[in-house]
Amino acid sequence: MSERKKSRLALIGLVLVALIGSLGFYLSRPNESDASQALDKAKASKKLQSLAELDGKAPGRRALDVQTWKTAEGAKVLFVEARELPMFDMRLTFAAGSSQDGTAHGLALLTNAMLNEGIAGKDVGGIAEGFEGLGADFGNGAFKDMAVASLRSLSAVDKREPALQLFTEVVGKPTFPADSLARIKNQMLAGFEYQKQSPGKLASLELMSRLYGDHPYAHSSDGTAKSVPPISLAQLKAFHAKAYAAGNVVIALVGDLSRAEAEVIAAQVSAGLPKGPGMAKIEPPVEPKASIGHIEFPSNQTNLMLAQLGIDRDDPDYAALSLGNQILGGGGFGTRLMSEVREKRGLTYGVYSGFTPMQARGPFMINLQTRAEMSEGTLKLVQDVLADYLKTGPTQKELDDAKRELAGSFPLSTASNADIVGQLGAMGFYNLPLSYLEDFMQQSQSLTVEQVRTALNNHLNTDKMVIVSAGPTVPQKPLPAPTDKPAEQPLGVPEH
């Protein structure tokens with residue numbers, strides 16, 4: 001089953017999945033559980049704060065009392081007590097992403113997808129019925145850096161204890177049934193066939209290969225049609241024993257629990273995992289040479305992707321780069337890129353930029369789709385917008401507007417227990433301070449135009465771009481002149 005709740009604050013970038021593409025493997029469930037219904041009912045009973053009441057002020061932020069400790073087996077725990085709802089959320093974050101695949105590309109994702117396929121005495125159907133009958137939700141996913149498993153349960157002891165017992169067996173003692181492995185491999189192989197019809201996916205795969213070379217981030221978390229079929233049950237079991245060890249996990253807990261109850265839960269989960277230390281941190285990638293590649297594809301539009309190595313999660317410029325990117329292309333309408341490429345010329349449905357900081361240096365990327373006959377001119381326009389922005393930096397008004405937008409959207413990062421548990425999991429995984437969220441806000445609100453411009457120029461260079469396009473080779477047309485009312489409006493639905 002797939003994880004349902006994701007952090008709404010993309011700017012913070014703590015739960016990393018967006019720009020890399022195809023980083024998780026999800027199986028969804030049809031019905032809402034009792035725990036989800038309890039949450040919806042509680043939300044409906046609360047009166048929303050009126051915008052008029054704010055009177056221009058930023059909405060209030062939820063103060064978090066984050067507590068932390070380690071279990072006897074070495075698992076790191078972060079806990080926030082939240083008594084508003086009779087439920088709790090737990091997320092386990094393992095350094096068990098595709099960067100740990102080695103040469104068996106797809107191993108991490110396949111291992112994670114198999115967790116809830118079987119335990120002693122229960123097959124995949126029995127596991128699903130077990131969680132459903134207790135009003136609990138199970139979720140899982142695998143990405144570049146990490147793999148996760150999550151539980152949402154009612155906090156009443158008669159529901160909590162059996163849900164925890166089932167969850168601990170699913171994550172700690174999966175049986176990896178052979179028939180499930182064959183089925184999931186077939187699903188993945190069908191996905192690889194579908195990817196051949198997606199120019200955007202093909203461009204993304206080529207871009208990451210050029211950007212990272214021999215580094216573990218170069219390959220897709222999904223693996224390939226050649227790498228997945230040979231993966232054996234023995235490899236899954238060996239990877240699970242090593243990567244799902246108690247010393248390699250961060251346990252995040254939020255909800256209707258006391259500290260003592262949280263300690264008991266964390267100890268139970270930790271003891272149920274394989275014994276072992278944490279995985280080694282990923283080595284930094286080598287700076288690639290600038291390059292341009294094209295994938296011929298029969299379509300009306302051309303996918304354009306521009307990238308270079310960005311930052312890791314420890315970089316002190318993170319706040320400045322986040323805010324700077326918000327102005328360049330990370331904030332939707334009104335950004336530099338969206339204004340010049342879509343609003344003034346109607347060349348694209350959308351153009352976006354973003355940093356994806358990870359354990360090692362993640363990518364900075366700009367991506368868009370445009371009419372094939374104007375792809376070369378559009379690429380040049382995007383490059384010019386970036387070059388001008390690096391030269392001048394944001395205006396004071398742009399910076400003030402970005403700060404105001406951040407202050408307004410920031411409370412969403414802790415609006416629900418699911419949001420908080422995601423933040424805690426990432427804070428623990430990337431060894432961020434317990435005061436990280438408040439620190440980020442304070443740093444962002446104090447930034448100057450010159451500090452943002454300097455940070456952007458310290459990390460971005462127009463001469464270092466790796467560029468990949470996917471689309472047809474057709475005669476090119478000149479770009480229309482910028483205007484407030486473009487003659488040709490962007491297509492309403494991007495190609496996939």
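The analysis underlying the following values was restricted to heavy atoms, covering all of them including side chains, and did not include hydrogens, waters or symmetry mates.
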Exercise. Can Asp401 and Arg404 be said to form a salt bridge (charged side-chain N to carboxylate O under 4.0 Å, His left out), step by step?
Worked result: CA-CA 5 Å; Asp401 288 346; Arg404 191 177 303 111; 2.8 Å; yes
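Residues forming a salt bridge (charged side-chain N to carboxylate O under 4.0 Å, His left out) with Asp384 (at least two apart in sequence, or on another chain): Lys380. When the side chain to side chain contact (heavy atoms under 4.5 Å, CB included) test is applied to Pro480, the partners found at least two apart in sequence or on another chain are Arg345, Leu347, Met374. By the side-chain hydrogen bond (donor to acceptor under 3.5 Å, both in side chains) test, Glu450 is found to be paired with Arg453, Thr454, residues two or more places apart in sequence or in another chain being considered. Shown here are the side chain to side chain contact (heavy atoms under 4.5 Å, CB included) partners of Ala243, two or more places apart in sequence or in another chain: Ala96, Phe239, Asn248, Met279.
Distance check, rounded to the nearest 0.5 Å: CG of Leu202 to CZ of Phe297 gives 6.5 Å. Taken from CG in Leu390 to CG in Asn461, the straight-line distance is 8.0 Å, to the nearest 0.5 Å. Taken to the nearest 0.5 Å, the CE atom of Met146 stands 13.0 Å off from the CG atom of Leu92. Considering CG of Asp484 and NZ of Lys344, their distance stands at 8.0 Å, rounded to 0.5 Å. Rounding to the nearest 0.5 Å places CZ of Arg313 at 10.0 Å from CE of Met427.
Classification of Asp388 and Lys391 as a salt-bridged pair fails, no side-chain N sitting under 4.0 Å from a carboxylate O. Between Asp314 and Lys281 there is a salt bridge, since a side-chain N of the basic residue sits under 4.0 Å from a carboxylate O of the acidic one.
Arg342 contributes a side-chain N or O that, together with a main-chain N or O of Tyr349, makes up a donor-acceptor pair within less than 3.5 Å. Judged by distance alone, the side chain of Thr302 and the main-chain N or O of Thr370 form no donor-acceptor pair under 3.5 Å. Under a 3.5 Å cut-off, the side chain of Thr348 and the backbone N or O of Gln369 do form a donor-acceptor pair. Of the possible donor and acceptor atoms, none in the side chain of Glu343 sits under 3.5 Å from a partner among the backbone N and O of Phe333.
By the neighbour-count criterion of 12 heavy atoms within 6.0 Å, atom NZ of Lys185 is densely surrounded, having more than that number from other residues, nucleotides or ligands.
If you check the side chains of Asp312 and Tyr430, you find no donor sitting under 3.5 Å from an acceptor. A donor-acceptor contact under 3.5 angstrom links the side chains of Asp400 and Gln396, judged on distance only.
Here ring pair (Phe, Tyr, Trp, His ring centres under 6.0 Å) pairs that include residues 445-469, with residues two or more places apart or in two chains, number zero.
With a 4.5 Å cut-off on side-chain heavy atoms, Thr93 and Arg91 count as touching. Looking at heavy atoms from C-beta onward, Glu287 lies in side-chain contact with Lys464 at the 4.5 angstrom threshold. Side-chain atoms of Leu64 and Glu438, non-hydrogen and from C-beta on, never get closer than 4.5 Å to each other.
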Donor-acceptor list for residues 207-216 side chains, cut-off 3.5 Å, not counting sequence neighbours:
unit_1, atom_1, unit_2, atom_2, d
Arg210, NE, Glu206, OE2, 2.7
Arg210, NH1, Ser291, OG, 3.1
Tyr212, OH, Arg361, O, 2.7
His215, ND1, Tyr217, N, 3.1
His215, NE2, Glu283, O, 2.6

